[in-house]
Amino acid sequence: MSIATNEVDSAPSHFIRNIVVEDRERNKNGGRVHTRFPPEPNGYLHIGHAKSICLNFGIAAEFGGLTNLRFDDTNPSKEEVEYVDSIRSDVRWLGFDWGDREFYASDYFDRLYEFAEKLIDKGKAYVDDLSADQIREYRGTLTEPGRNSPFRDRSVAENLDLFHRMRAGEFPDGSHTLRAKIDMASANLNMRDPVMYRILRTAHHRTGDKWCIYPTYDFAHGQSDSIEGITHSLCTLEFEDHRPLYDWFIEQLEIHHPQQIEFARLNLTHTVLSKRKLLQLVQHKHVAGWDDPRMPTLAGIRRRGYPPEAIRAFCERIGVAKRNSTVDIAMLEHAVREDLNRRAPRVMAVLRPLKVVLTNYPEDRVEQLDAVNNPEDPSMGTRNVPFSRVLYIERDDFREEPPKGFFRLSPGKEVRLRYAYIIKCEEVVKDPNTGEVVELRCTYDPQTKSGSAQSGRKVKATLHWVSAAHALEAEARLYDHLFAAESPEDIAEGEDWTKNINPNSLETLSSCRVERLLADAAPGTRYQFERMGYFTVDRDSSDKMLVFNRTVTLRDPWAKIEKGQKK
RNA sequence: UGGGCGGUCGCCAAGCGGUAAGGCCCCGGACUUUGGAUCCGGUAUCGAAGGUUCGAAUCCUUCCCGCCCAGCCA
């Protein structure tokens with residue numbers, strides 16, 4: 001079993017799995033299960049693709065089958081190698097392996113060309129001289145049948161000759177097409193003599209200038225699946241109408257017949273998942289790039305710190321069905337927290353530092369305190385954290401005038417410092433000009449050292465902290481949903497969806513203080529900053545400045561209460 | 001008004017004639033040196049209306065609502 005599937009104890013049933021089970025019971029395809037993930041290399045993969053990847057690789061692995069990675073590169077004008085490289089690394093990062101079965105629709109251009117000739121031979125395809133506009137006119141509408149092209153009844157010999165000359169480059173772009181001869185009156189528009197080949201003088205990222213005609217996706221996709229011996233061609237709902245066409249090609253060609261099954265694509269709240277819109281976000285600099293941690297791309301999610309295991313668990317949990325749906329992004333975030341809670345080492349980091357001086361603690365004294373690395377996993381051990389007279393605590397953990405329900409630090413009140421002592425706020429020092437609180441003067445109770453006999457006194461809150469003299473400075477990038485609106489694409493007439501971009505989706509804090517051991521953390525390493533959230537070392541991090549991405553916050557009931565009070 | 005596909009809790013989603021799983025969110029409460037985690041408990045009669053049946057979310061009929069299709073995009 002692959003690492004990708006063994007973490008899910010019992011895979012929930014869904015209709016595609018049921019179909020596969022039935023197919024195997026009937027010994028269809030000799031019980032073989034062979035799927036493929038067929039992206040077009042014209043953009044970066046996103047969380048929606050992850051659903052398809054997990055489905056395709058997951059269902060095959062579950063039944064001892066294989067999954068191919070196939071690039072559907074039939075339109076050279078939109079496709080680039082940058083994208084195939086990113087797709088490869090994203091699929092690998094997600095945890096899946098396609099072995100040596102990396103294919104391209106362009107690998108099959110010769111075969112496809114022969115298939116086209118065969119259809120011409122059978123009188124099932126013809127070269128059309130109609131322009132794109134004319135083809136559209138002849139196609140009819142949803143409620144009216146189309147009309148036959150005047151070129152529909154050319155002889156086989158003439159069609160063959162014309163098709164060869166198309167390939168030979170005798171005609172200008174767009175002047176001719178090869179069309180399937182099916183039924184211009186079909187209620188299914190896809191069956192109204194769809195275009196199989198178009199003339200396009202654009203260099204292809206793999207085949208170079210070899211071809212000036214390219215098969216359409218509709219003519220290439222099904223046959224590519226067939227050539228690869230795919231048993232179950234899983235695709236999204238919008239291709240349901242195309243299935244009769246793909247079946248028609250396969251039957252006319254008398255080749256292996258994969259079974260196409262359609263499922264609903266993933267939609268997520270507070271984000272967009274269309275390639276066009278993601279491209280726009282990048283090109284118009286609404287984000288820093290495809291791997292901006294706010295992007296729903298796998299590259300972005302990875303940089304943000306989402307673990308692949310969490311993505312897989314999420315994909316398993318959302319299920320597979322035919323109903324259009326939009327999953328609450330909270331479900332994704334939950335999967336991330338669940339995974340990181342188990343695995344991320346805990347560390348103390350103060351994001352917005354407030355100086356605390358313990359007036360009754362000796363100037364030059366430093367204690368090494370014992371701290372647990374992960375309460376969920378004792379095997380992760382403990383570490384020493386230095387404690388001294390001058391500390392930093394989180395600014396949000398002090399309120400001069402505490403609201404109802406606030407049980408952190410305020411004048412005259414006590415709290416525990418995690419792994420250390422109970423302290424009491426004796427004095428608030430303010431900047432005489434601005435009135436801003438700049439320092440707290442507190443006393444500590446030596447009797448309350450963590451773990452000691454008399455440490456049992458209860459206080460309402462425990463704060464994280466860092467020793468001023470020992471801490472390292474760091475930058476933290478706090479991310480929020482890229483879109484404040486739940487459904488950013490729901491907009492009024494004349495409005496632009498980009499108006500829903502959350503202006504506060506990124507907040508950069510540059511004077512954070514963190515435990516010294518974070519100095520050696522490699523990019524991509526994930527931690528829990530106690531009480532603040534999960535953070536991941538960014539690739540921008542250096543000796544000069546440590547940089548952390550907030551992957552996801554911790555659940556924070558107090559923040560919720562306070563938000564409610566303000567309203 | 002053509003064709004295809006859907007409509008089960010706020011959001012996902014099981015269920016396939018025998019009397020509504022689960023997860024997320026939310027609300028209580030227990031526990032807690034992370035207001036974290038964990039643990040308990042709470043919340044639907046299945047788009048509507050008829051019908052068949054001892055019995056229907058599951059079968060039939062009609063209706064309503066949503067999504068997709070008129071690229072030489074995928």
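In what follows, chains carry the letters A, B, and so on, assigned in the order in which the sequence lines appear, proteins first and then strands, with residues in each chain numbered from 1.
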Any N/O donor-acceptor pair, A/Thr143 side-chain to B/U1 base, under 3.5 Å: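 Side chain to base: no pair present.
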Nearest of [options] to any side-chain atom of [X]?
X: A/Arg418; options: B/A74, B/U34, B/G71; value: B/U34
X: A/Leu189; options: B/A70, B/A74, B/U33; value: B/A70
X: A/Glu79; options: B/U33, B/C69, B/A74; value: B/A74
X: A/Glu240; options: B/G4, B/C26, B/A74; value: B/G4

Nearest-Å distance, [atom1] ([X]) to [atom2] ([N])?
X: A/Glu333; N: B/C24; atom1: CD; atom2: C1'; result: 11 Å
X: A/Arg265; N: B/G6; atom1: CZ; atom2: C1'; result: 16 Å
X: A/Glu262; N: B/G4; atom1: CD; atom2: P; result: 13 Å
X: A/Gln260; N: B/G4; atom1: CD; atom2: P; result: 16 Å
X: A/Met184; N: B/G3; atom1: CE; atom2: P; result: 18 Å
X: A/Leu237; N: B/G4; atom1: CG; atom2: C1'; result: 10 Å
X: A/Asn190; N: B/A70; atom1: CG; atom2: P; result: 8 Å
X: A/His49; N: B/A74; atom1: NE2; atom2: C1'; result: 10 Å

A/Phe239 vs A/Glu530, nearer the 5' end of RNA chain B by closest nucleotide: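 Looking at the nearest nucleotide for each, A/Glu530 comes out on the 5' side.
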[N] to [M] separation - [atom1] atoms, rounded to the nearest Å:
N: B/G42; M: B/A21; atom1: P; result: 12 Å
N: B/U45; M: B/U34; atom1: P; result: 40 Å
N: B/G66; M: B/U8; atom1: P; result: 15 Å
N: B/U58; M: B/U19; atom1: C1'; result: 12 Å

Less than 4.0 angstrom between a side-chain N/O of [X] and OP1 or OP2 of [N], yes or no?
X: A/Arg192; N: B/G3; value: no
X: A/His464; N: B/U34; value: no
X: A/Arg198; N: B/A74; value: yes

Geometric class of the A/Phe163/A/Tyr113 ring pair [parallel <30°, tilted 30-60°, perpendicular >60°]: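 Parallel.
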Parallel, tilted or perpendicular: ring planes of A/His46 versus A/His49, cut at 30 and 60 degrees: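 Plane angle between 30° and 60°, so tilted.
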A/Asp328 side-chain N/O to A/Thr269 backbone N/O, donor-acceptor pair under 3.5 Å: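 No; zero donor-acceptor contacts below 3.5 Å.
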A/Ser186 side chain to A/Asp183 backbone, donor-acceptor under 3.5 Å: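 No, because the side chain of A/Ser186 does not come within donor-acceptor range (under 3.5 Å) of the backbone of A/Asp183.
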Under 4.0 Å protein heavy-atom contacts per nucleotide of nucleotides 11-16 of chain B, with B for base, S for backbone only and - for none: BSBSSB
Report the base-pairing partner of [N] (Watson-Crick or G-U wobble, both distances below 3.5 angstrom), or none.
N: B/G6; value: B/C65
N: B/C26; value: B/G42
N: B/A57; value: none

Taking only N/O atoms, report every protein-nucleotides 35-42 of chain B pair under 3.5 Å with atom names and distance.
{"unit_1": "B/G35", "atom_1": "OP1", "unit_2": "A/Arg531", "atom_2": "NH1", "d": "2.9"}
{"unit_1": "B/G35", "atom_1": "N7", "unit_2": "A/Arg408", "atom_2": "NH1", "d": "2.2"}
{"unit_1": "B/G35", "atom_1": "O6", "unit_2": "A/Phe407", "atom_2": "N", "d": "3.1"}
{"unit_1": "B/G35", "atom_1": "N1", "unit_2": "A/Gly405", "atom_2": "O", "d": "2.8"}
{"unit_1": "B/G35", "atom_1": "N2", "unit_2": "A/Gly405", "atom_2": "O", "d": "3.3"}
{"unit_1": "B/G36", "atom_1": "N2", "unit_2": "A/Arg346", "atom_2": "NH1", "d": "3.4"}
{"unit_1": "B/G36", "atom_1": "N2", "unit_2": "A/Glu376", "atom_2": "OE2", "d": "2.9"}
{"unit_1": "B/A37", "atom_1": "OP2", "unit_2": "A/Arg555", "atom_2": "NH1", "d": "3.2"}
{"unit_1": "B/A37", "atom_1": "O2'", "unit_2": "A/Asn341", "atom_2": "ND2", "d": "3.2"}
{"unit_1": "B/A37", "atom_1": "O2'", "unit_2": "A/Glu376", "atom_2": "OE1", "d": "3.1"}
{"unit_1": "B/A37", "atom_1": "O2'", "unit_2": "A/Glu376", "atom_2": "OE2", "d": "2.8"}

From CA spacing to verdict: side chain to side chain donor-acceptor pair (under 3.5 Å), A/Tyr138, A/Asp193: CA-CA 10 Å; A/Tyr138 274 78; A/Asp193 292 10; over 6 Å; no
Check: A/His464 ring centroid to A/Phe529 ring centroid under 6.0 Å: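 For A/His464 and A/Phe529, the ring centres are not under 6.0 Å apart.
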Contact list for residues 527-536 of chain A, test salt bridge (Lys or Arg N to Asp or Glu O under 4.0 Å), sequence neighbours left out: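 Passing the test, one end in residues 527-536 of chain A: A/Asp397-A/Arg531, A/Arg418-A/Glu530.
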Among A/Glu79, A/Lys275, A/Glu80, A/Lys78, side-chain hydrogen bond (donor to acceptor under 3.5 Å, both in side chains) partner for A/Asn42: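 Answer after filtering A/Glu79, A/Lys275, A/Glu80, A/Lys78: A/Lys275.
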Steps toward side-chain contact (heavy atoms from CB on, under 4.5 Å) verdict (A/Leu178, A/Phe219): CA-CA 10 Å; A/Leu178 182 71; A/Phe219 186 62; over 6 Å; no
Ring-face cation contact, A/Tyr126 with A/Arg154, 6.0 Å cut, 45° max: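 That pair does not qualify as a cation-pi contact.
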Exercise: identify the closest heavy-atom pair between A/Arg346 and A/Val372: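 Minimum heavy-atom separation between A/Arg346 and A/Val372: CB-O, 4.3 Å.
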